[in-house]
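What follows is a short report on a single structure.
Remember, it's 1-based here, ligands and their atoms both numbered in the order they're listed.
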Amino acid sequence: MQHFEVNFDGLVGPTHNYAGLSFGNVASLSNAKSTSSPKAAAKQGLAKMKALQEMGLVQGVLAPQERPDIYALRRLGFKGDDHQVLANAAKHAPAIFRACCSASSMWTANAATVSPSADTRDGKVHFTPANLTNKFHRSLEPETSGRILQAMFANPRYFEHHRHLPDNEHFGDEGAANHTRFCTDYGFAGVELFVYGRHAFDSSKPAPTRYPARQTYEASEAIARLHDLSADNHVFMQQNPAVIDQGVFHNDVIAVGNQNVMFYHEEAFLNEAAGFAELEAKLGQPMHFIKVPTSVVSVEDAVKTYLFNTQLVTLKPGHMAIIAPTECEENERVRAYLQELVSMGTPIQEVRYFDVKQSMRNGGGPACLRLRVALNDQELAAVNPHVILTDELFKRLNQWVDKHYRDELSTDDLADPSLLIESRTALDELTQIMHLGSVYPFQRD
Ligand code: SUG
């Protein structure tokens, strides 16, 4: 049997814009109200997907969501036909309106937490969409994320889908952005690391004071229970509250892991030694813990360049590439560090840079853009084949973007009624290209 780690990258949606919606995410706030390019954003994402496919990896695509979210606006009391709802919300509640237009589902690391069949007691791949309660614009995602995931991983013999956790900050869950699976080989039972930002039911425990901790311990615990993991194959660690207060809003902004490698910043975790010892003991194999000291790369540089929001991908046994944003190359200290890293004798042996600047300006690097799903060959064969990137799908999606996406979009353009029509027309066609069925609310009315 063969095993794969498939990256399902989020296809950027037609309303990609910079609305400054994410308090605690430095890039989102500092680029607020600048003009975006949905077309360039989608193409940058597709180019990264294609490059990984060409490296010999299995690459998947996760569809974007319907925005503006007319249904959310109606729930909030805006009335009339769709165009009246848009116009009223844009005029009377512009901040709420902008939140309902976000293309934030592109960051699929936040779409769900996934446990591969090798780790779960029932031998199925488990999925739980993240509730994303901490940010209103992201809390609109889980229902549709769940439907899209079910349309991609439909066979109940292999795939188990859970409902997202209760929509409350006590169970704030940000999905795979705070979850990393370590293993010796993708097909062998691994150890799943859940990193949380605070305890919701115990205020005596450490917590950030400036910016929110989006993931709670209780949410991480609930996911481990739902996915039927055993006590000896998962570990909880707390993120250092001091780095959350410096803009590290998810663990994947300060650490990344793959197989037996943990690449992380010195200030990433609380109780690092105990957590790592537990991780290694449960894995039953020595791991490579590659620590980047503050003296070499500051937390500020890590947040600016997204050195840790990189992808570690295995190109052949024991040989990994680090997929980094061009911001890392542009920063002298980080570039120098990466040059050194690939010659340190660890499994990370090459670095490849990608321009995902459109996403980076909203605080989303290469790792935010992908959801990892480890699958064996039978499970892979059961995945909807139209969501797996091929040369043909790549070409088709590029043509689709050219046909439907705008070159430029400002936050003022979001109220343009034709954007809603353009977006729905594009998504309707996409569900046909990707054989997803009627996953969008406008298709289900
Ligand atoms: O949730 N930005 C996203 C970025 C998510 C990055 N994901 C990971 N690190 N896994 C967020 O903060 C900004 C949208 C705006 O401001 O328009 C936004 O939602």
Side-chain angles (χ1 to χ4, degrees), residues 7-10 12-13 15-38 41 45 62 64-65 67-69 94-114 129-142 145 172-180 195 197 211-215 239 243-244 247-257 268 302-311 325 327 356-372 409-414:
N7 288 293
F8 288 89
D9 276 47
V12 177
T15 63
H16 161 63
N17 72 92
Y18 302 119
L21 301 174
S22 281
F23 176 64
N25 167 347
V26 179
S28 153
L29 289 201
S30 54
N31 291 305
K33 307 276 167 69
S34 53
T35 300
S36 64
S37 173
L62 227 154
Q65 302 205 356
R67 297 289 181 272
D69 189 336
I96 296 169
F97 172 69
R98 285 193 293 273
C100 291
C101 293
S102 177
S104 54
S105 66
M106 71 169 85
W107 300 295
T108 54
N110 304 115
T113 306
V114 185
N131 61 18
L132 301 169
T133 52
N134 187 259
K135 299 282 175 268
F136 168 65
H137 68 291
R138 302 224 59 184
S139 73
L140 305 175
E141 297 172 33
S145 295
D173 174 27
E174 301 275 322
N178 297 307
H179 171 261
T180 310
V195 182
Y211 289 147
R214 299 198 199 182
Q215 179 86 31
Q239 212 186 333
V243 297
I244 297 180
V248 180
F249 57 97
H250 288 136
N251 177 60
D252 71 4
V253 176
I254 195 103
V256 55
V303 172
K304 267 197 201 132
T305 64
Y306 268 32
L307 168 62
F308 300 95
N309 199 263
T310 40
Q311 292 176 249
E327 282 75 358
V356 287
K357 286 192 189 301
Q358 284 287 326
S359 167
M360 283 287 286
R361 283 185 202 135
N362 252 339
C368 300
L369 286 161
R370 61 91 173 94
L371 179 68
R372 302 195 271 189
L409 194 67
S410 70
T411 44
D412 291 340
D413 297 331
L414 296 170

Under 4.0 Å from a heavy atom of [X]: give me the atoms of ligand 1 that qualify, with their elements.
X: Gly20; value: 15 (C), 16 (O), 17 (O)
X: Gly363; value: 4 (C), 6 (C)
X: Asn110; value: 5 (C), 6 (C), 7 (N), 8 (C), 10 (N)
X: Ala177; value: 10 (N)
X: Ser28; value: 13 (C), 15 (C), 16 (O)
X: Asn17; value: 17 (O)
X: Ala109; value: 10 (N)
X: Arg214; value: 1 (O), 11 (C), 12 (O)

Does ligand 1 have an atom that lies less than 4.0 angstrom from a heavy atom of Glu174? no
Report the member of [options] with the shortest heavy-atom distance to [atom].
atom: atom 3 (C) of ligand 1; options: Phe23, Phe249, Trp107; result: Trp107
atom: atom 1 (O) of ligand 1; options: His137, Arg370, Arg138, Lys33; result: Arg138
atom: atom 6 (C) of ligand 1; options: Ala130, Gly24, Ser105, Cys368; result: Cys368

Could you tell me which non-hydrogen atom of [X] sits nearest to which non-hydrogen atom of [Y], and how far apart they are?
X: Leu414; Y: Pro68; answer: O-CG, 4.5 Å
X: Val256; Y: Arg370; answer: CG2-NH2, 4.4 Å
X: His137; Y: Ala99; answer: CB-O, 3.2 Å
X: His250; Y: Ala177; answer: CG-CB, 3.7 Å

Would you check whether [X] has a nitrogen or oxygen atom less than 3.5 angstrom from a nitrogen or oxygen atom of ligand 1?
X: Asn362; answer: yes
X: Leu21; answer: yes
X: Ser22; answer: yes

Side chain, backbone, both or neither: the part of Lys135 lying under 4.0 Å from ligand 1 by heavy atom: neither
Any idea which part of Arg361 is under 4.0 Å from ligand 1, heavy-atom wise: side chain, backbone, both or neither? neither
Does Ser359 reach the side chain of Val12, with side-chain heavy atoms less than 4.5 Å apart? no
Find out whether Asn25 and Arg214 are in side-chain contact, i.e. whether some heavy atom of one side chain is under 4.5 Å from a heavy atom of the other. yes
Side-chain donor or acceptor of [X] paired with backbone N/O of [Y] under 3.5 Å:
X: Asn17; Y: Thr411; value: no
X: Gln215; Y: Glu174; value: yes
X: Ser28; Y: Gly363; value: no

Protein heavy atom at shortest distance from atom 17 (O) of ligand 1: Ala19 N, 3.0 Å
Shortest protein contact, atom 10 (N) of ligand 1 (heavy atom only): Asp252 OD2, 2.7 Å
Tyr18: which residues meet the ring-ring contact (aromatic ring centres under 6.0 Å, His included) condition with it, sequence neighbours left out? His16
Holding to side chain to side chain contact (heavy atoms under 4.5 Å, CB included), I want the full list of residues that pass it with Ala176, two or more places apart in sequence or in another chain. Leu371
Aromatic ring pairing Phe249/Tyr306, orientation class (parallel under 30°, perpendicular over 60°, tilted between): tilted
